[in-house]
Amino acid sequence: MTSMEARTSGATDPAAALEAFGAPLSRDFYRQDAVQLAPMLLNCILVHETAEGIRAGRITETEAYTQDEPACHAFRGRTLRNAVMFGPPGHAYIYFTYGMHHCMNAVSGPEGRGEAVLIRAVEPLVGLEQMLRARGLPAPAPGAALTPAARVRLGRALCGGPGRLCQAFGLDRTLNGDDLTRRPRLWIAPPGVSAGFARPESIVASPRIGISAGTDLLWRFTLRDDPYTSR
DNA sequence: ATCTCGATAGTCT
DNA sequence: GACTATCGAGATC
């Protein structure tokens, strides 16, 4: 199986899926500022390894949050909830909100600074069956050919939004603080060879979603012409 | 396509 | 007691 096949077939064979991905991104990679890191994470691969199997997706939408501005949980200083944001970079900051949803961030910047990158959407690549079950969505009719448009609709229904992708990937507070630079369980691989890191001309910057302050900052990052966004 | 609204519980004032 | 880095359903255009 080629790396492309492993990434697009939705195969649940863990060994084949993992072989397709590079080693986890390094601690140094995460140490850069959130606003620089956020676009660098586009096209990278979010991976969750559990006993049930592998779930993976290509990151398509991110947002930067830093302690300098009030939309960030770290703005008012360190608390029990936001503590991992102030810890070393390269860890997962996963919090619970609206009484029913989780959001997943990658902690960035030097230790002691409260900042992180919110992962808002991915294109699901591996473990689609598990994701469907986790999201409580019906599986597409067996044997039905999945048109490109239908594939995108499915991908967005599964992982188009921070709450959706956490539910699809099975991410909750028990994974808060998990080291993203080590396997298992939750980690991020560099982009696949065909995609590569997003080139500057393909990156779109826009205001962050769902906040009331800091809407003047263009700290939401998506890929030009990529349909796998949250809205 | 775009809108409004309600759900629901943890966090902080 | 107010607010929330959201989502889905239902109404309306």
Side-chain angles (χ1 to χ4, degrees), chain A residues 30 33-42 44 46 57 59-87 89 91-109 113-124 131-139 149-150 152-178 180 186 188 204-222 227-231:
Chain A
Y30 289 101
D33 293 342
V35 181
Q36 292 185 315
L37 177 65
M40 293 289 294
L41 285 175
L42 295 171
C44 292
L46 180 67
I59 296 171
T60 53
E61 179 178 340
T62 60
E63 285 179 358
Y65 288 87
T66 78
Q67 63 179 22
D68 309 312
E69 46 88 30
C72 179
H73 290 172
F75 180 64
R76 288 163 190 83
R78 181 185 190 128
T79 65
L80 195 56
R81 174 168 78 150
N82 67 21
V84 324
M85 284 185 97
F86 290 87
H91 292 256
Y93 168 48
I94 300 179
Y95 66 89
F96 182 68
T97 190
Y98 288 107
M100 61 188 90
H101 298 295
H102 294 274
C103 291
M104 185 248 163
N105 298 254
V107 174
S108 61
R113 246 189 87 74
E115 57 169 78
V117 175
L118 173 69
I119 312 299
R120 283 194 60 89
V122 310
E123 174 197 2
M131 294 185 192
L132 283 163
R133 257 183 284 124
R135 290 273 296 127
L137 298 176
V152 170
R153 274 198 301 277
L154 177 63
R156 294 182 65 158
L158 286 174
C159 296
R164 288 174 177 179
L165 84 86
C166 280
Q167 189 180 27
F169 273 70
L171 308 181
D172 60 27
R173 279 168 296 180
T174 64
L175 283 151
N176 186 35
D178 198 67
L180 295 172
L186 184 60
I188 303 180
V204 179
S206 56
R208 293 168 296 175
I209 291 176
I211 55 170
S212 47
T215 49
D216 54 319
L217 301 170
L218 306 181
W219 285 4
R220 170 178 179 249
F221 301 95
T222 50
Y228 291 96
T229 56
S230 63
R231 320 203 277 195

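Per chain, numbering begins at 1; letters A, B, ... match sequence-line order.
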Visitor: Using a strict heavy-atom distance below 4.0 Å, which residues from residues 69-76 of chain A are in contact with DNA chain C?
Guide: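 Close to the strand are A:A71, A:H73.
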Visitor: To the nearest angstrom, how far is A:N82 atom CG from C:dA5 atom C1'?
Guide: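 Checked: the CG to C1' distance equals 13 Å.
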Visitor: Please verify the inter-ring angle class for A:F96 with A:H102; under 30° counts as parallel, over 60° as perpendicular, anything in between as tilted.
Guide: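 Rings of A:F96 and A:H102: tilted, 30 to 60°.
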Visitor: Tell me the interatomic distance from A:R81, atom CZ, to B:dT11, atom P, rounded to whole angstroms.
Guide: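 A:R81 atom CZ is separated from B:dT11 atom P by 7 Å.
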Visitor: Rounded to the Å, how far apart are A:N176 CG and B:dT11 P?
Guide: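 Distance, rounded to whole Å: 10 Å.
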Visitor: Given C:dT4, C:dA5, C:dG8, identify the nucleotide with an atom nearest to the side chain of A:Y93.
Guide: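 Nucleotide nearest to A:Y93's side chain: C:dA5.
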Visitor: Run through DNA chain B and report every stem of 3 or more consecutive Watson-Crick or G-U pairs, distances under 3.5 Å, ordered by first number.
Guide: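 Result, WC/G-U stems under 3.5 Å: B:1-7 with C:6-12, B:9-12 with C:1-4.
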Visitor: Take the protein atom CG of A:L218 and the nucleotide atom P of C:dA5, then report the distance between them rounded to whole Å.
Guide: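 Value for this atom pair: 19 Å.
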Visitor: Using atom CD of A:Q67 as one end and atom P of C:dA5 as the other, report the distance to the nearest whole Å.
Guide: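 A:Q67 atom CD is separated from C:dA5 atom P by 17 Å.
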Visitor: Please report, rounded to the nearest Å, how far the P atom of C:dA5 is from the OH atom of A:Y65.
Guide: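 One finds 7 Å between P of C:dA5 and OH of A:Y65, rounded.
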Visitor: Classify A:R173 by what it touches in the nucleic acid, base, sugar-phosphate, or nothing, heavy-atom distance under 4.0 Å.
Guide: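 Sugar-phosphate contact only - A:R173 comes under 4.0 Å of backbone atoms but never of a base.
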Visitor: Base, sugar-phosphate or nothing for A:S230? Non-hydrogen atoms, less than 4.0 Å.
Guide: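 No contact.
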Visitor: Are A:L186 and A:L46 close enough that some pair of their side-chain heavy atoms sits under 4.5 Å apart?
Guide: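 Yes, their side chains come closer than 4.5 Å.
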Visitor: For the side chain of A:E123 and the backbone of A:T60, is there at least one donor-acceptor N/O pair under 3.5 Å apart?
Guide: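 No, the answer is negative, given that no donor and acceptor are paired below the 3.5 Å cut-off.
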Visitor: Identify whether any heavy atom of A:S212 sits under 4.0 Å from a base atom; if not, whether one sits that close to sugar-phosphate; answer base, sugar-phosphate or nothing.
Guide: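 Contact class for A:S212: sugar-phosphate only.
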Visitor: Rounded at 0.5 Å granularity, tell me how far CZ in A:R81 sits from CZ in A:R173.
Guide: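 Nearest 0.5 Å value for the CZ-CZ distance: 10.5 Å.
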Visitor: Ignoring hydrogens and angles, tell me if any N or O in the side chain of A:R220 forms a donor-acceptor pair with the backbone of A:E61 under 3.5 Å.
Guide: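 Side chain of A:R220 to backbone of A:E61: no pair is present.
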Visitor: Specify the closest pair of heavy atoms between A:T66 and A:A34, including all atoms of both residues, with the distance to one decimal.
Guide: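 That would be CG2-CB, 4.1 Å.
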Visitor: Check whether any side-chain heavy atom of A:E115 lies under 4.5 Å from a side-chain heavy atom of A:D68, and answer yes or no.
Guide: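 Not in contact.
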Visitor: Under 3.5 Å, is there a donor-acceptor pair between the side chain of A:S230 and the main chain of A:R120?
Guide: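 A pair under 3.5 Å: no.
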Visitor: Find the distance A:I94:CD1 to B:dG10:P and express it as a whole number of Å.
Guide: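 From A:I94 CD1 to B:dG10 P: 17 Å.
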Visitor: Please step through side chain to side chain contact (heavy atoms under 4.5 Å, CB included) for the pair A:W219 and A:I211, ending with a clear verdict.
Guide: CA-CA 12 Å; A:W219 285 4; A:I211 55 170; over 6 Å; no
Visitor: Between the protein and nucleotides 7-9 of chain B, which nitrogen or oxygen pairs are less than 3.5 angstrom apart?
Guide:
from	atom 1	to	atom 2	distance (Å)
B:dT8	O2	A:Y98	O	2.4
B:dA9	N3	A:G99	N	3.4

Visitor: Taking the side chain as every heavy atom from C-beta outward, state whether A:D178 and A:M104 have any pair of such atoms under 4.5 Å apart.
Guide: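 Side chain of A:D178 against side chain of A:M104, heavy atoms only: no contact under 4.5 Å found.
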Visitor: Do A:I94 and A:N105 have side chains that get closer than 4.5 Å, going by heavy atoms?
Guide: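 A:I94 vs A:N105: side chains apart.
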Visitor: Quick one: is A:R135 getting a side-chain N or O under 4.0 Å of the C:dC7 phosphate, OP1 or OP2?
Guide: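 Result: no.
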Visitor: Please give, in whole Å, the distance from C:dC7 C1' to A:R156 CZ?
Guide: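 Result: 14 Å.
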Visitor: Measure the CG-CZ distance between A:L118 and A:F221 for me, rounded to the nearest 0.5 Å.
Guide: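 That separation rounds to 12.5 Å.
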